[in-house]
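Report on the following structure.
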Amino acid sequence: MKKYDLDSRLEDFAASIILFYNKKPFSYSADYLAKQLIRSSCSSALNFGEYLGAASDKDKANKLRLTLKELRECLRNINIQIKASLFEIEKLEPLRNENDELIRIVATILNVINFVFEFSFIFVFKRKL
């Protein structure tokens, strides 16, 4: 297993999407979904970059939520393309698998952040009592 930092994995995922759709799709629907998938995959990487530079914990959590939202949009898009038989499933499956792994990683980080927020709130609340 290769060691990746999440920032690089998100950039690699977006680049993989761009390279996959480097040739113009043949139908209106394939073109529409391809363009939207490129936007959402790049947006997930860009929002994660914003998360890394966010000043406050609330900003970090918000940027991470946006990253997760965009990754989920990517997954829905890929699933629609597979169900509509726009591309062979064997070609899209590696992208879908990487997308799923990225969703799980980002969701786990977000859950940890939310737990820390909750714990901090309870701690501060109990101290005031």
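Note that the numbering runs from 1 along the sequence shown for the chain.
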Using only atom types and a distance under 3.5 Å, with no angle test, would you say the side chain of N77 pairs donor to acceptor with the backbone of A34?
no
Can you tell me how far the CD1 atom of I105 sits from the CG atom of L110, to the nearest 0.5 Å?
13.5 Å
How far apart are the closest heavy atoms of F48 and T67, and which atoms are they?
N-OG1, 3.2 Å
In the structure I gave you, are the side-chain heavy atoms of L86 and L92 within less than 4.5 Å of one another anywhere?
no
Non-hydrogen atoms of L95 and F13 that approach each other most closely:
O-CE1, 3.5 Å
What verdict does the salt bridge (Lys or Arg N to Asp or Glu O under 4.0 Å) test give for E93 and R96, after you've listed the backbone C-alpha separation in whole Å, the side-chain angles of each residue and the deciding distance to 0.1 Å?
CA-CA 5 Å; E93 194 65 33; R96 183 166 64 173; 2.8 Å; yes
Is a salt bridge present between R39 and E73, judged by a nitrogen-to-oxygen distance below 4.0 Å?
no
Would you sort out whether L37 and Q81 count as a side chain to side chain contact (heavy atoms under 4.5 Å, CB included), showing the intermediate values?
CA-CA 10 Å; L37 184 55; Q81 290 186 51; 3.8 Å; yes
Heavy-atom side-chain proximity of N62 to K58 below 4.5 angstrom:
no
Is K63 salt-bridged to D59, cutoff N-O under 4.0 Å?
no
Is L68 linked to L6 within one hydrophobic cluster, defined over Ile, Leu, Val, Met, Phe, Trp and Tyr using a side-chain heavy-atom separation of less than 4.5 Å?
yes
When rounded to the nearest 0.5 angstrom, what is the spacing between CG in D12 and CD in E98?
8.0 Å
